[in-house]
Colleague: 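Mind having a look at this structure? Questions to follow.
Every value quoted in this text rests on a predicted model; they were computed, and no experiment measured them. Convention: sequence-line order gives letters A, B, ...; per-chain numbering from 1.
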There are 4 protein chains.
Amino acid sequence: MPKTKEQCEEIREKMKNKITEGAINYFAKNGYAGTRISQLSKYIGIGQGTLYNYFSSKEELFTEILKKLELQNKIGFENLAKVQIDAASKIKLISKSMIEEIENKTITAYSFVLNIRMIEEGTMDNTFTTSYKDTPTKMLRDIILQGQREGSVINGDDNELADYYWSVVHTLALMNVNSKENKTIELNWLNRILLKDR
Amino acid sequence: MPKTKEQCEEIREKMKNKITEGAINYFAKNGYAGTRISQLSKYIGIGQGTLYNYFSSKEELFTEILKKLELQNKIGFENLAKVQIDAASKIKLISKSMIEEIENKTITAYSFVLNIRMIEEGTMDNTFTTSYKDTPTKMLRDIILQGQREGSVINGDDNELADYYWSVVHTLALMNVNSKENKTIELNWLNRILLKDR
Amino acid sequence: MPKTKEQCEEIREKMKNKITEGAINYFAKNGYAGTRISQLSKYIGIGQGTLYNYFSSKEELFTEILKKLELQNKIGFENLAKVQIDAASKIKLISKSMIEEIENKTITAYSFVLNIRMIEEGTMDNTFTTSYKDTPTKMLRDIILQGQREGSVINGDDNELADYYWSVVHTLALMNVNSKENKTIELNWLNRILLKDR
Amino acid sequence: MPKTKEQCEEIREKMKNKITEGAINYFAKNGYAGTRISQLSKYIGIGQGTLYNYFSSKEELFTEILKKLELQNKIGFENLAKVQIDAASKIKLISKSMIEEIENKTITAYSFVLNIRMIEEGTMDNTFTTSYKDTPTKMLRDIILQGQREGSVINGDDNELADYYWSVVHTLALMNVNSKENKTIELNWLNRILLKDR
DNA sequence: CATGAATGAGTATTCATTCAT
DNA sequence: TATGAATGAATACTCATTCAT
């Protein structure tokens with residue numbers, strides 16, 4: 001009895017997710033150049049060939065991952081942007097959320113690390129890198145401007161400040177995700193990147 | 001006219017430096033796994049074989065580079081440690097110096113980037129990584145403790161704060177060294193990582 | 001309503017034929033080494049697994065095809081051998097029939113192409129190749145000898161002449177079967193391979 | 001002491017020829033799909049990597065070979081075209097030359113076989129196939145027309161006759177090059193493809 | 001010493017075959 | 001029985017290292 005089309009679709013979808021999630025972790029840990037397909041597939045728990053049933057090459061897999069992460073980020077941040085509170089609270093909310101992601105080594109944390117890697121691996125066309133950073137940066141810029149009006153955020157170009165903040169978050173992710181110890185990051189430190197004391 | 005031993009030594013030394021400097025840049029840009037010996041030697045402007053007259057393997061070259069950078073760092077910071085001024089001034093001095101290095105994309109800036117890469121590429125035995133970070137971190141810890149006594153530095157574990165500060169410096173290096181635009185980093189932002197407002 | 005044994009047999013037989021016929025075309029077009037099971041099964045319009053319900057391996061499928069074609073050829077030619085007419089007429093009959101097969105791209109035409117491929121792909125044990133060529137060659141040899149006695153066929157070793165004739169037929173098949181344009185082959189040209197002018 | 005540029009060029013030229021010649025034989029024997037790079041390089045007597053220092057892929061190697069053969073053919077035939085003799089003599093000259101090539105299994109003979117393979121392997125863009133056949137076919141067409149005026153060549157479309165003649169030559173090459181026995185091909189048989197008896 | 005061509009162990013990718021549904 | 005997803009052995013290709021010149 002042949003499998004129905006729906007069953008096949010479902011199986012494929014499931015496997016694709018399994019691969020993507022495993023690959024995000026693995027790439028984040030080892031980088032693009034440092035990732036061996038043989039190791040990656042063992043890590044995911046599938047045969048090497050299986051991987052190629054879903055992605056035509058190592059590079060395509062990597063690219064798809066970045067696309068997926070970008071999408072996730074977009075969705076996560078759009079919700080936050082709508083809330084109607086003062087900038088300082090928003091920043092505290094974001095920082096808290098970021099630290100949680102990092103400490104729990106969620107997929108978002110891995111995505112930060114991957115993002116750093118993208119900056120480094122200049123070879124790959126970084127269309128995704130930039131677009132990837134777009135949503136969070138834009139959103140944060142607006143909050144920074146709001147905060148500067150409200151007097152809670154330090155002076156400086158909103159764009160550069162936003163970049164700076166995200167850089168720090170990304171690095172924190174990098175430092176934690178790849179180390180075995182679980183460093184605690186003090187929420188206050190991260191807040192102070194943007195917020196004035198008191 | 002056979003060359004004297006000294007001349008030979010000098011020539012060797014010169015070539016070795018040429019290789020090392022080129023390799024620092026290249027490794028910083030491409031990481032260890034992402035660096036191909038063929039590309040690297042072309043980048044330096046020598047034959048592949050030549051490289052192996054000076055270093056017995058890719059890994060040895062990398063290791064030597066890290067040693068060299070560590071040494072440089074040690075020397076730079078030891079001098080600073082002896083100065084007899086208040087912690088806030090020391091921190092401002094360090095921050096200023098770091099930003100200069102980064103903006104001028106000096107070898108030190110590259111060393112920061114390389115250091116991040118070391119953290120990522122967990123494969124390599126990180127004896128050097130840790131020892132490399134040692135001197136600056138230790139020195140900064142002392143300054144932080146001094147600053148906390150003096151009331152100029154924010155509260156928190158000295159070790160973690162030092163780590164945090166260096167993380168940010170490293171990130172700034174990463175963001176600048178590998179990008180074509182020359183972002184200006186505001187000195188004040190970096191100081192605020194450790195120093196209280198006012 | 002369970003199917004009767006006969007019905008089952010019939011269904012199996014039908015599917016087996018479907019596979020064999022498709023495979024003859026596909027192998028003729030792409031050769032043994034150039035044929036991918038995945039492509040072949042898509043071409044036939046079945047699942048990959050289905051193929052393995054009928055043939056235990058790619059090689060077995062290929063072998064079965066050769067057997068089948070040999071059989072067909074044998075039958076076709078045995079009838080011709082019995083007819084009681086002069087050699088020239090027989091040759092003209094054969095040539096006409098061959099050209100028809102080729103121009104209509106029948107299964108026999110494909111079998112010619114497959115046969116050429118067999119000669120090329122020296123890897124496979126050629127028990128079948130030789131036995132496959134046997135019947136037509138033997139039959140033609142007899143006709144050639146008859147024709148040489150009758151004065152209608154050119155001089156030369158009967159074996160080699162027969163080989164030569166079949167070679168030409170095979171090539172004509174190759175040239176036509178795999179090209180989109182439909183070249184007309186002049187009957188006279190083929191006859192002249194063996195027959196003297198007038 | 002570095003090698004001079006000329007030495008390098010020479011070495012590379014030599015090796016490229018070695019590879020190309022070996023590959024022509026091997027591809028002719030085994031076809032494109034049937035050729036394993038590992039086997040081919042062993043057959044040539046070089047490392048696998050060496051091959052990739054000269055050709056970027058299996059396909060490029062194959063393509064380059066076809067180009068090379070086309071060139072050779074062009075040169076060989078252009079000379080013949082200029083001779084001022086009757087068509088029958090020209091055809092006899094060509095046939096004699098072809099049979100010699102085939103019996104001695106020269107590179108030209110292999111090129112015929114490769115050409116057949118090209119026709120078969122329809123996947124590959126056959127720009128070369130057609131251009132490859134061009135020169136000989138054109139030249140022969142002129143001779144055929146001349147011969148038909150002179151009354152020595154059989155009737156029929158010059159283009160199709162030329163194609164037919166080359167088909168037979170190609171087949172003869174195929175039959176001989178890949179078999180161990182050295183079949184003798186009677187010159188007369190080949191001449192009769194085009195020439196009337198007497 | 002400097003070079004870059006040659007090498008083969010290692011890595012990415014393909015494909016005949018298996019197997020759960 | 002039919003299916004196509006999963007597999008890993010086989011294959012194409014890469015790259016650190018060697019070595020003749």
Colleague: As a quick check of understanding, evaluate side-chain contact (heavy atoms from CB on, under 4.5 Å) for Tyr54(C) and Thr20(C), giving each step before the final call.
Modeller: CA-CA 10 Å; Tyr54(C) 295 87; Thr20(C) 321; over 6 Å; no

Colleague: Between Lys16(B) and Phe55(B), is NZ or CZ placed under 6.0 angstrom from the six-membered ring centre and within 45° of the ring axis?
Modeller: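 Verdict for Phe55(B): a cation-pi partner in Lys16(B).
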
Colleague: Could you check Ile46(C) against Lys18(C) for side-chain contact (heavy atoms from CB on, under 4.5 Å), going step by step and ending with a plain yes or no?
Modeller: CA-CA 10 Å; Ile46(C) 57 170; Lys18(C) 186 180 175 185; 4.3 Å; yes

Colleague: Closest approach to the side chain of Asn53(B), judged atom by atom: which nucleotide of dA5(E), dC1(E), dA6(F) is it?
Modeller: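 Comparing dA5(E), dC1(E), dA6(F) against the side chain of Asn53(B), the answer is dC1(E).
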
Colleague: In residues 13-26 of chain B, what residues come within less than 4.0 Å of DNA chain F, judged by heavy atoms?
Modeller: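 Heavy-atom cutoff 4.0 Å gives no residues at all.
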
Colleague: Please lay out, stage by stage, how Ile107(B) and Glu21(B) fare under the test side-chain contact (heavy atoms from CB on, under 4.5 Å).
Modeller: CA-CA 8 Å; Ile107(B) 211 164; Glu21(B) 304 233 333; 3.9 Å; yes

Colleague: For Lys58(C) and for Ile37(A), find the nucleotide of DNA chain E with the closest heavy atom, then tell me which residue's nucleotide is more 5'.
Modeller: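 Result of the comparison: Ile37(A).
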
Colleague: Can you confirm whether Met15(B) sits close enough to Ile19(B) that some side-chain heavy atom of one is under 4.5 Å from a side-chain heavy atom of the other?
Modeller: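 Sidechains of Ile19(B) and Met15(B): in contact.
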
Colleague: Counting heavy atoms from C-beta on, name the nucleotide in dA16(F), dT13(E), dA12(F) closest to the side chain of Tyr52(B).
Modeller: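 Of the options given, the side chain of Tyr52(B) lies nearest dA16(F).
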
Colleague: Rounded to the nearest angstrom, tell me the gap between atom CZ in Arg36(B) and atom P in dT14(F).
Modeller: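 Roughly 11 Å, once rounded to whole Å.
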
Colleague: Phe62(B) CZ to dC15(F) C1': how many Å, rounded?
Modeller: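 Answer to the nearest Å: 18 Å.
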
Colleague: Could you give me the CA-CA distance, side-chain angles and deciding distance for Leu61(A) and Leu40(A), then say whether side-chain contact (heavy atoms from CB on, under 4.5 Å) is met?
Modeller: CA-CA 11 Å; Leu61(A) 171 58; Leu40(A) 171 58; 3.7 Å; yes

Colleague: Between Lys68(B) (side chain) and Asn17(B) (backbone), is there a donor-acceptor pair under 3.5 Å?
Modeller: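 No: the side chain of Lys68(B) does not pair with the backbone of Asn17(B).
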
Colleague: How close or far is atom C1' of dC15(F) from atom CG of Leu51(B), stated in whole angstroms?
Modeller: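 Rounding to the nearest Å, CG of Leu51(B) and C1' of dC15(F) are 14 Å apart.
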
Colleague: Which angle, rounded to 10°, do you find between the first-five-pair axis and the last-five-pair axis of the helix from dA2(E)-dT21(F) to dT21(E)-dA2(F)?
Modeller: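 Taking five pairs per end, the axes differ by 0°.
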
Colleague: With rounding to the nearest 0.5 Å, note down the distance linking CD in Gln48(C) to CD in Gln39(C).
Modeller: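 With rounding to 0.5 Å, CD (Gln48(C)) is 9.0 Å from CD (Gln39(C)).
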
Colleague: Reading DNA chain F from 5' onward, which residue's closest nucleotide shows up sooner: Thr50(C) or Thr35(D)?
Modeller: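 The 5'-side residue here is Thr50(C).
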
Colleague: Rounded to the nearest Å, what distance is computed from the CG atom of residue Leu61(C) to the C1' atom of nucleotide dA16(E)?
Modeller: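 Going from Leu61(C) (CG) to dA16(E) (C1'), I get 12 Å.
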
Colleague: Ring-plane angle category for Tyr32(C) and Phe27(C), please: parallel below 30°, perpendicular beyond 60°, tilted otherwise.
Modeller: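 It falls in the parallel class, under 30°.
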
Colleague: Here's a test of your reading of the structure: between Ser57(B) and Gly49(A), which maps to the more 5' nucleotide of DNA chain F?
Modeller: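 The residue mapped nearer the 5' terminus is Gly49(A).
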
Colleague: Whole angstroms only, please: what is the OH-C1' distance between Tyr32(A) and dT11(E)?
Modeller: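 Going from Tyr32(A) (OH) to dT11(E) (C1'), I get 12 Å.
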
Colleague: Nearest 0.5 Å, what's the CD1-CD1 distance between Ile65(D) and Ile24(D)?
Modeller: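 Going from the CD1 atom of Ile65(D) to the CD1 atom of Ile24(D) covers 5.5 Å.
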
Colleague: How many Å lie between CZ on Phe55(B) and P on dA2(E), as a whole number?
Modeller: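 So the two atoms are 12 Å apart, to the nearest Å.
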
Colleague: Under 4.0 Å from any atom of DNA chain F, heavy atoms only: list the residues of residues 40-48 of chain A that qualify, in numerical order.
Modeller: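 Residues of residues 40-48 of chain A under 4.0 Å from DNA chain F: Ile46(A), Gly47(A).
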
Colleague: Please report the distance, rounded to the nearest Å, between CD in Glu60(C) and P in dT17(E).
Modeller: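 That distance rounds to 10 Å.
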
Colleague: Of the options Tyr110(B), Phe62(B), Tyr43(B), which is the one that meets Tyr26(B) in a ring pair (Phe, Tyr, Trp, His ring centres under 6.0 Å)?
Modeller: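 That would be Tyr43(B).
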
Colleague: Counting only side-chain N and O atoms of Tyr54(D), is one of them less than 4.0 Å from OP1 or OP2 of dA6(E)?
Modeller: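 For Tyr54(D), the contact criterion (side-chain N or O under 4.0 Å from OP1 or OP2 of dA6(E)) is met.
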
Colleague: Please report the interatomic distance CG(Asn30(C)) to CZ(Arg36(C)), rounded to the nearest 0.5 Å.
Modeller: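 The distance works out to 9.0 Å.
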
